[in-house]
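For this chain, numbers begin at 1 and follow the sequence in order. As the structure lists them, so they are numbered: ligands from 1, and atoms in each ligand from 1.
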Amino acid sequence: MNIIKKPSWQIGENEITDEILFHNRRHFLKLGAAAFVSTGMIAQKLSALEKEYRIPLQFSKTAYGEGLELNSFEQASTYNNFYEFSTSKEKPAKMAHTLITSPWDVGFYGECENDTILGVEDILKQVTLEERIYRFRCVEGWSMVVPWIGFPLKKLLDIAKPKSSAKFVAFKTKYDPQMFSDQGRGIFGAIPYPYVEGLRMDEAINELAFVAVGMYGKVLPKQNGAPLRLIVPWKYGFKSIKSIDYVEFTKNEPKNTWQAVNAREYGFYANVNPQVDHPRWSQAKERKLGSFLKTKTLPFNGYEKEVAYMYKDMDLKRYF
Ligand SMILES: Nc1nc2c(c(=O)[nH]1)N[C@H]1C(S)=C(S)[C@@H](COP(=O)(O)O)O[C@H]1N2
Ligand SMILES: [Mo]
């Protein structure tokens, strides 16, 4: 079925829905379905299809993650942390339809030569997509292995031409209470919004730091942070900020949301470290989604070789 005539990111959300509905309606009619199911049933089926439909992406495969056993798409897209919707793990998948991901602009500002605002489609014209299978470890003690599709974070940052005065980069998730119900609760919200994360510049341009626009071959489900999110595989999951709206280059270390919420429990670096326990639980082990037994957590989540050099002079108990 050839329903994609333009590159995915050039199609508006309504247009996609219309095309899917159009083609599926024809499909149903061809089956003669209309003759024996009620229009109500067709409408129900169509709306389920509409929800599940994700645009396939074109990308190249890479060697990242060879040999790792993948979690299922089902696992990775129905057990989420996305506080803008809910603190429940199951609710983001049910609520995320209110997030409108097209059109979507990303703004760049701060210590850079090229202050600019770009549509996701223009960003995607400047990069090539690749698939990377990464381990992902949440600070809460669960983990997963996911095939992300995207491009190196360095490529995104290069668009803005950071100045040498840029020592850090901060990211902000969109603030829009119409799209994110928990943002509408003001001081009663689960955490302060917008969600903010940050990296030191050398971390941000490390080859592993990744911007994901898809997973499992297709565009990101909204609950996983569409249309674009960070993936920093050697750090706890909260560093991998979702649905990025702004990128700010700074001279000083930005204060990330979780540090603002509880600086004793969550730091800026958040490198996965089985030696440094969370004040309320051990970080020595993790449970992979779908697994019964726990396995040992690896230093830097298994990416020591690629990233440890950046922290060689730092006391990682202090800079947790
Ligand atoms: N904007 C935003 N980004 C976020 C979060 C969030 O609540 N809001 N949760 C973080 C946490 S704690 C984790 S573990 C991962 C979860 O990503 P996933 O739902 O794709 O597994 O997203 C991170 N990024
Ligand atoms: Mo997390």
Check your understanding: Which of the atoms in ligand 1, numbered in the order shown and given with their element, are less than 4.0 Å from a heavy-atom of Ser240?
Key -> 22 (O), 23 (C), 24 (N)

Review point. Would one find an N or O of Trp258, backbone or side chain, under 3.5 Å from an N or O of ligand 1?
Key: no

**Study point:** Atoms in ligand 1 with a heavy atom of Thr173 nearer than 4.0 Å
**Key:** 1 (N)

Point to revise | Interatomic spacing from CD1 in Ile159 to OG1 in Thr116 - rounded to 0.5 Å | key: 8.5 Å

Practice item. For ring-ring contact (aromatic ring centres under 6.0 Å, His included), just list the numbers for Phe82 and Phe85, CA-CA rounded to whole Å, side-chain angles, deciding distance to a tenth of an Å, and then say yes or no. Key: CA-CA 6 Å; Phe82 206 159; Phe85 294 113; 4.9 Å; yes

Review point. Say you draw a straight line from NZ of Lys242 to CG of Leu99; how long is it, rounded to the nearest 0.5 Å?
Key: 10.5 Å

**Study point:** From Leu298 atom CG to Tyr303 atom OH, the distance as rounded to the nearest 0.5 Å
**Key:** 9.5 Å

Review point. Is it the side chain, the backbone, both or neither of Asn80 that has a heavy atom closer than 4.0 Å to ligand 1?
Key: both

Point to revise | Proximity of Tyr83 to ligand 1 by residue part, where a heavy atom lies under 4.0 Å | key: both

Exercise for review: Could you list the atoms of ligand 1 found under 4.0 angstrom from a heavy atom of Phe238?
Suggested key: 10 (C), 11 (C), 12 (S)

Point to revise | Atoms of ligand 1 close to Asn224 [distance to a heavy atom under 4.0 angstrom, numbered from 1] | key: 18 (P), 20 (O)

Review point. Mind checking whether Tyr236 has a heavy atom under 4.0 Å from ligand 1?
Key: no

Exercise for review: Kindly give the heavy-atom pair with the smallest separation between Ser243 and Arg229, and that separation in Å.
Suggested key: N-CB, 4.1 Å

Review point. Any N or O of Trp142 that comes nearer than 3.5 Å to an N or O of ligand 1?
Key: no

Check your understanding: Short list, please: which atoms of ligand 1 are under 4.0 Å from a heavy atom of Cys138?
Key -> 14 (S)

Revision key, fill the gap. Which of Lys154, Lys161, Lys155 passes side chain to side chain donor-acceptor pair (under 3.5 Å) with Asp158? It is Lys154

Exercise for review: Report the nearest protein non-hydrogen atom to atom 6 (C) of ligand 1: residue, atom name, distance rounded to 0.1 Å.
Suggested key: Tyr195 CE1, 3.4 Å

Practice item. For the pair Tyr79 and Leu289, evaluate side-chain contact (heavy atoms from CB on, under 4.5 Å) and give the outcome as yes or no after the intermediate values. Key: CA-CA 9 Å; Tyr79 187 89; Leu289 294 185; 3.6 Å; yes

Point to revise | Option set Gln223, Met144, Lys239, criterion heavy-atom distance to atom 21 (O) of ligand 1, minimum | key: Met144

Practice item. Give yes or no for whether the N/O distance cutoff of 3.5 Å, strictly under, is met between Tyr79 and ligand 1. Key: no

Review point. Within 45° of the six-membered ring axis of Trp104 and under 6.0 Å from that ring's centre, is NZ or CZ of Lys174 located there?
Key: yes

**Study point:** Presence of salt bridge, Glu286 and Arg137, under 4.0 angstrom
**Key:** yes

Practice item. Could you list the atoms of ligand 1 found under 4.0 angstrom from a heavy atom of Arg229? Key: 15 (C), 17 (O), 18 (P), 20 (O), 22 (O)

Review point. Any N or O on Trp148 sitting closer than 3.5 Å to an N or O of ligand 1?
Key: no

Exercise for review: Enter the distance from Glu111:CD to Asn252:CG here, rounded to the nearest 0.5 Å.
Suggested key: 9.0 Å

Practice item. Between Asn81, Val146, Val196, flag the one that comes closest to atom 5 (C) of ligand 1 by a heavy atom. Key: Asn81

Check your understanding: Between Asp176, Asp182, Thr173, which is the residue that forms a side chain to side chain donor-acceptor pair (under 3.5 Å) with Tyr193?
Key -> Asp182

**Study point:** salt_bridge(Glu113, Lys163) N-O dist < 4.0 Å
**Key:** no

Point to revise | Which segment of Glu84 sits under 4.0 Å of ligand 1 when only heavy atoms are counted | key: side chain

Check your understanding: Can you tell me the protein heavy atom closest to atom 3 (N) of ligand 1 and the distance?
Key -> Lys242 N, 3.1 Å

Review point. Does at least one non-hydrogen atom of Gly225 fall below 4.0 angstrom from an atom of ligand 1?
Key: no

Study note, to complete from the structure: Atoms of ligand 1 under 4.0 Å from any heavy atom of Phe136, numbered from 1 in the order shown, are 14 (S), 15 (C), 16 (C), 17 (O)

